[in-house]
2 protein chains.
Amino acid sequence: MMKAKIDDVAKLAGVSKTTVSRVMNKRGYLSDKTVKKVHDAMNELNYHPNVVARQLFKQETKLVGLIFPTVNNPFFGQLVSSMEKKLFSKGFKVLIGDSMNDPDKEKLYLQELMTHQVDGLIVGAHNHGIEEYKNTNLPIVAIDRIMNKDIPVVSSDNYLGGQLATQLLIDNGARIIVHTNDPQNIKSPAQKRRSAYEDTMIHNGLDPIVYTLEFDSNSDKKIDSIKRIFKENPNIDGLFVSNDMDAAQVMDVAKDLGYRIPEDLKVVGYDGADITRILLPSLTTVVQPIDKMADVAVSTLVARMQDVSYSSNKILPVKIWRGKTV
Amino acid sequence: MMKAKIDDVAKLAGVSKTTVSRVMNKRGYLSDKTVKKVHDAMNELNYHPNVVARQLFKQETKLVGLIFPTVNNPFFGQLVSSMEKKLFSKGFKVLIGDSMNDPDKEKLYLQELMTHQVDGLIVGAHNHGIEEYKNTNLPIVAIDRIMNKDIPVVSSDNYLGGQLATQLLIDNGARIIVHTNDPQNIKSPAQKRRSAYEDTMIHNGLDPIVYTLEFDSNSDKKIDSIKRIFKENPNIDGLFVSNDMDAAQVMDVAKDLGYRIPEDLKVVGYDGADITRILLPSLTTVVQPIDKMADVAVSTLVARMQDVSYSSNKILPVKIWRGKTV
DNA sequence: CTCCATATGTCAACCGGTTAACACATGGAG
DNA sequence: CTCCATGTGTTAACCGGTTGACATATGGAG
């Protein structure tokens with residue numbers, strides 16, 4: 001059975017298709033009687049306008065591309081979900097690309113989003129050196145990463161967060177403090193947390209000790225890396241973990257090795273997403289204002305689309321959530 | 001600056017636009033020299049074909065609509081993420097609608113997806129009585145819910161899971177066992193877990209005790225409902241919670257009230273999503289095969305799109321993950 | 001009488017890619 | 001000589017909705 005088209009609605013309503021288009025777009029003079037006739041015909045035919053035709057004509061898709069490492073993660077999941085809601089309320093729908101920290105996947109997704117003629121992009125993936133963004137000629141907002149000077153960035157204060165986390169450990173007596181972070185080829189915001197950690201440690205006359213954890217949750221390789229931290233630092237008494245998922249894994253391994261948290265080992269995580277706060281409320285963590293980041297990112301993108309002025313670089317405040325691990 | 005069109009590529013390559021189209025679609029006879037000339041021109045112009053025009057002509061968008069309560073939740077987040085990956089590998093992109101268990105939102109999203117001419121739908125929202133699905137004439141796959149006899153359903157074995165969870169509590173000595181569940185107007189799979197719990201309790205000569213928890217995480221109202229469980233059942237020694245997020249909250253409240261888990265109170269959750277397994281590994285829970293559900297749902301949808309045969313009702317097995325809460 | 005507002009219709013081009021049908025050219029096999 | 005394969009071009013219609021320009025009709029105000 002054929003889908004109803006505007007001509008079918010026009011015929012059933014006994015008006016021209018121009019009139020149907022006028023009713024749909026609320027344009028021109030229209031009597032109440034005609035409007036009702038058209039709506040009745042649409043309902044009877046179960047007519048859905050084909051936005052593809054409209055998109056082609058208007059050169060605008062009302063689609064926004066979101067490129068993020070994954071949504072199966074508390075921080076990114078909440079951020080993407082929050083942005084999707086805000087964009088929907090402004091009449092946009094989102095196409096999501098999970099880049100999994102793989103530059104080739106990120107390029108592929110970008111390519112796909114370009115062919116789908118998205119009206120804008122919000123990019124939170126952190127692969128370095130993707131030159132293709134330069135060529136898109138699209139309004140872009142970046143999350144947590146500087147892409148170039150023309151693209152506004154929304155982030156939380158990762159440096160301050162790193163300072164707060166490290167200082168909290170020091171102030172609570174920790175001295176042999178290890179920091180875990182992403183590989184350095186991944187230009188993620190966690191690198192600022194590392195810088196802050198290192199600066200704060202040196203400032204307190206302590207030795208920075210950094211371990212790299214790969215971005216692939218729950219793999220044996222990661223567990224091995226975590227075990228190596230304890231093996232190589234038997235006197236460890238503090239851990240600043242660059243994200244909450246890793247923090248959970250680190251604590252699990254620590255407990256298996258006999259450490260009591262926080263008596264023997266104090267732990268601070270990072271992100272404080274809603275899911276984490278419910279599933280692991282005991283974790284002391286640096287809380288990013290995720291919903292606020294989403295709000296600012298969407299507002300900035302819409303402002304760019306409309307060529308109105310916007311603030312180029314937003315750094316939103318973080319705060320410490322005191323659980324029980326420090 | 002204008003976006004390059006197929007005519008621009010043709011002109012730069014010195015061929016006809018029909019030849020460019022033949023190159024893009026790998027159709028007809030083409031010399032290697034011509035193919036190279038066209039590709040070079042595309043690269044030089046940074047040309048992205050406009051799939052909107054193609055969609056209009058071919059009457060196919062390669063978009064799939066996903067309607068789920070939310071993605072900011074371990075179970076749904078993993079399920080949607082997994083489906084998105086599988087659909088992308090088959091050439092589809094997804095448009096997501098978060099219905100938040102609100103029938104009006106679900107209808108609105110469905111409407112929007114229809115106007116975007118999605119090629120199919122995977123529906124995991126559980127609002128009752130949305131008649132509009134009947135009119136879509138689209139291939140639809142449902143997750144965890146019977147919509148009508150024509151729509152294939154993919155679910156895990158919620159009844160068996162409920163049995164296993166309840167029996168595990170009983171086998172480990174619990175006798176005053178409470179079950180928490182969604183409101184009954186929400187036709188979620190959790191209702192089968194409730195049935196199983198009730199049947200298993202009665203079968204063991206015990207009284208079923210069910211409490212309703214609203215679907216809005218971390219609200220004070222929910223905390224109050226949880227507190228009421230302990231107030232009204234001072235001799236409680238077992239809890240079967242219908243999802244892991246609620247289980248975490250229930251345990252948090254229980255600990256605040258002085259219960260030791262599992263000594264004083266044994267707890268079993270449900271879902272076992274990857275995120276939960278990392279953030280709360282101690283939780284004993286019924287693990288759904290989320291990635292397998294995603295795989296089956298996508299395969300079934302694609303089969304429906306291609307009018308090839310498929311299995312109408314897939315119930316996938318669950319298993320118990322023994323953490324430390326039982 | 002003229003002009004304006006209201007109301008609806010007609011016409012046709014447009015958005016960008018797809019593609020069928022056919023034309024023309026060349027070379028080789030039967 | 002005929003037919004087929006290879007290679008490329010031309011033409012034009014199509015997908016569905018949008019919309020400007022203009023036409024026609026009616027009624028009322030100045």
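To find a chain, count down the sequence lines: A is the first, B the second, and so on, and within it residues start at 1.
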Q) Can you check the A/Arg27 CZ to C/dT6 C1' distance for me, whole Å? A) 16 Å

Q | Other residues, nucleotides, ligands: >12 heavy atoms within 6.0 Å of B/Lys292 NZ | A | no

Q.
I want to check something: taking the side chain as every heavy atom from C-beta on, are A/Tyr47 and A/Ile6 in contact at a cut-off of under 4.5 Å?
A. yes

Q: Write down the distance between NZ (B/Lys26) and P (D/dT6), rounded to a whole number of angstrom.
A: 18 Å

(Q) Looking only at the side chains, is there a donor atom on one of A/Gln55 and A/Lys62 sitting less than 3.5 Å from an acceptor on the other? (A) no

Q. Any side-chain heavy atom of B/Phe68 sitting closer than 4.5 Å to one from B/Ile143?
A. yes

Atom pairs under 3.5 Å: protein N/O with N/O of nucleotides 23-27 of chain C:
none

Q. Distance-only, no hydrogens or angles: does the A/Ser99 side chain make a donor-acceptor pair with backbone N or O of A/Asp102 under 3.5 Å?
A. no

Q.
Less than 3.5 Å apart, any donor N or O on the side chain of A/Ser21 or A/Thr18 sitting next to an acceptor on the other?
A. no

Q) So does A/Asp32 have more than 12 non-hydrogen atoms from other groups sitting under 6.0 Å from CG? A) no

Q. Do the side chains of A/Gln78 and A/Ser81 get nearer than 4.5 Å, heavy atoms only?
A. no

Using a cut-off of under 3.5 Å, enumerate the N/O to N/O pairs linking the protein to nucleotides 8-17 of chain D.
from	atom 1	to	atom 2	distance (Å)
D/dT8	OP1	B/Ser31	OG	2.5
D/dT8	OP1	B/Thr34	OG1	2.4
D/dT8	OP2	B/Ser31	N	2.6
D/dT8	OP2	B/Ser31	OG	3.4
D/dG9	OP2	B/Ser16	N	3.2
D/dG9	OP2	B/Ser16	OG	3.4
D/dG9	OP2	B/Thr19	OG1	2.5
D/dG9	N7	B/Arg22	NH1	3.3
D/dG9	O6	B/Arg22	NH2	2.9
D/dT11	O4	B/Thr18	OG1	3.3
D/dC15	O3'	B/Gln59	NE2	2.6
D/dC15	O2	B/Phe57	N	3.4
D/dG16	OP1	B/Gln59	NE2	3.1
D/dG16	N2	A/Ala53	O	3.2
D/dG17	OP1	A/Tyr47	OH	2.8
D/dG17	OP1	A/Asn50	N	3.3
D/dG17	OP2	A/Ile6	N	2.7
D/dG17	O5'	A/Tyr47	OH	3.4

